[in-house]
Structure formats: C-alpha cells, structure tokens
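Heads up, the thing below is written out as structure tokens.
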Amino acid sequence: MKIVTEFFACIIFLTMLTVSCQPKERNAQAYMAGKAPVTGVVNFTELASTGGVRVFGRITGLTTGKHGFHVHQYGDIFTKGCDSAGPHFNPTNALHGGPQDSPHHRHAGDLGNVVANDYGIANIDIVDHFLKLRGPDSILGRSIVVHANEDDLGRQDNEESKRTGNSGSRLACGIIAIVP
Ligand SMILES: *[C@@H]1O[C@H](CO)[C@@H](O)[C@H](O)[C@H]1NC(C)=O
Ligand SMILES: [Cu+2]
Ligand SMILES: [Zn+2]
C-alpha cells in the first residue's frame with residue numbers, strides 16, 4: 001500500500017517538475033514599413049505543442065495578388081532601407097524554395113507569398129515548422145520583407161528563381177523584435 005502511494009506521489013512530482021521546466025512560449029513582433037503606402041504588423045508566436053512558429057498579422061497598401069514574403073538575414077533596415085536586410089535567412093545553406101519544401105530544399109526564411117485582396121490588404125496566418133524564436137537559428141533580430149512580385153518558390157528554370165524566387169524589389173520590411 002505504502003509503495004503504491006509513494007509511486008503516485010513520485011509521478012505527481014515528476015509531472016509538476018516537467019510542467020515547470022517547460023520554457024514559456026516566446027513572442028515577437030515586426031512593424032513593417034518601406035515604400036509608401038505599404039505598411040504592416042506581423043506577430044510571431046512559438047507553438048509549444050507542435051513546435052514551429054505562427055506568423056500572424058496584416059500588410060496593407062499592396063497591389064492585389066501575390067507578393068513574396070521572407071525572413072531575411074539581417075536586422076538592418078536603415079542603412080540602405082530594406083536592401084540592408086541582406087539575403088533570405090538561410091542557415092542550412094540551401095537553394096531558394098517554398099514553405100512546403102523540406103529544410104534542405106528551402107531557405108529557413110522562405111514563407112512563400114502573402115495574397116492581397118481587392119483593397120490591397122493581405123491577412124496573414126501561417127504556421128511554419130522550421131522557424132525558431134530561440135537557439136542558434138533563431139529569427140529574432142532578423143527582418144521580415146514583403147516584395148513587389150510573386151515568389152515562384154524556386155520552380156522556374158533560371159538562376160534567380162533558386163536565389164530569390166524572382167520576387168522583385170522590397171516594398172516593406174521590419175525587424176523581428178521580442179515582445180511580452
Ligand atoms: C500582435 O501582438 C500584439 C501584442 O504584442 C497585439 O496587441 C496585437 O493585437 C497583435 N496583432 C495581430 C495582428 O495579431
Ligand atoms: Cu524577401
Ligand atoms: Zn529564399
């Protein structure tokens with residue numbers, strides 16, 4: 001009888017320990033600006049249960065249709081505007097791809113396209129399983145960029161497709177910053 005009680009006490013203790021050891025989910029936010037009238041706010045939230053990050057927000061002032069959307073390497077959006085953000089964030093040294101491709105066939109920063117409606121508004125709600133808000137491949141302090149053109153997801157037969165998806169110029173960008 002005593003051993004059973006101790007067994008359950010132990011299980012309860014271990015459960016409490018596991019729960020209290022779980023790190024709190026991190027949140028980040030990017031305020032995007034660049035070529036007027038394009039602006040946006042994008043939130044990033046760690047998904048504790050499934051892993052990965054939810055990217056949630058809205059960009060306005062776009063032309064109707066698809067626009068390439070990526071995490072870029074640097075958090076510098078001031079020296080030369082959005083161009084100082086560098087290339088797509090690419091810790092695995094992969095070619096450009098789309099969000100559904102495996103980690104070695106996409107840049108970690110490849111989030112595909114956002115789609116603007118007739119009013120130029122893109123409502124964004126993406127769950128990405130490779131983005132991280134902690135560790136060596138964290139996207140904190142890097143930047144998010146929306147482009148003039150559609151991202152071809154690396155599917156065209158030209159060099160630029162494997163590098164940027166032919167997404168064209170950078171319309172707006174923002175630094176991915178820690179928030180409560
Ligand atoms: C983003 O997160 C902030 C809290 O940091 C919240 O106030 C805001 O409503 C969120 N925006 C969107 C578009 O979810
Ligand atoms: Cu980009
Ligand atoms: Zn890319």
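Read the numbers this way: they start at 1 and go in the same order the structure lists the ligands and their atoms.
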- Any protein heavy atom sitting closer than 4.0 Å to atom 7 (O) of ligand 1? no

- Query: Under the 4.0 Å line, does any protein heavy atom show up next to atom 2 (O) of ligand 1?
  - Reply: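 Looking at atom 2 (O) of ligand 1, one finds that a protein heavy atom does lie closer than 4.0 Å.
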
- Note on the structure: Contact region, Gln29 to ligand 1, non-hydrogen atoms below 4.0 Å, reads side chain

- Query: To which protein heavy atom is atom 13 (C) of ligand 1 closest, and what is the distance rounded to 0.1 Å?
  - Reply: Gly57 CA, 3.8 Å

- Angular separation of ND1 (His107) and ND1 (His88) seen from the Zn ion (ligand 3), to 10°: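 That angle works out to 110° after rounding to 10°.
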
- Task: For the atoms OD1 of Asp110 and ND1 of His96, give the angle they form at the Zn ion (ligand 3), rounded to 10 degrees.
- Result: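 About 100° at the Zn ion (ligand 3).
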
- Task: Would you check if the side chain of Arg170 reaches a backbone N or O of Cys82 as a donor-acceptor pair within less than 3.5 Å?
- Result: yes

- State the atom name: nearest N, O or S atom of His70 to the Cu ion (ligand 2).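 That would be atom ND1.
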
- Is there side-chain contact between Val38 and Val146, with at least one heavy-atom pair below 4.5 Å?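 Of all side-chain heavy-atom pairs linking Val146 with Val38, at least one is under 4.5 Å.
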
- Query: Hey, are Arg142 and Asp137 close enough for a salt bridge, meaning a charged N less than 4.0 Å from a carboxylate O?
  - Reply: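 No, no charged N to carboxylate O under 4.0 Å.
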
- For the residue pair His70 and His96, does the interplanar ring angle fall in the parallel (under 30°), tilted (30 to 60°) or perpendicular (over 60°) class?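 Perpendicular: the ring planes of His70 and His96 meet at over 60°.
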
- Query: Is any N or O atom of Asn43, backbone or side chain, closer than 3.5 Å to an N or O atom of ligand 1?
  - Reply: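 Between Asn43 and ligand 1, an N or O pair is found under 3.5 Å apart.
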
- Query: Among the clusters formed by ILVMFWY side chains lying less than 4.5 Å apart, do Leu133 and Val71 turn up in the same one?
  - Reply: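 Hydrophobic grouping puts Leu133 with Val71.
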
- With respect to Arg54, which candidate in Thr45, Asp128, Asp125 satisfies the side-chain hydrogen bond (donor to acceptor under 3.5 Å, both in side chains) definition?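 When side-chain hydrogen bond (donor to acceptor under 3.5 Å, both in side chains) is applied between Arg54 and each of Thr45, Asp128, Asp125, only Asp125 qualifies.
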
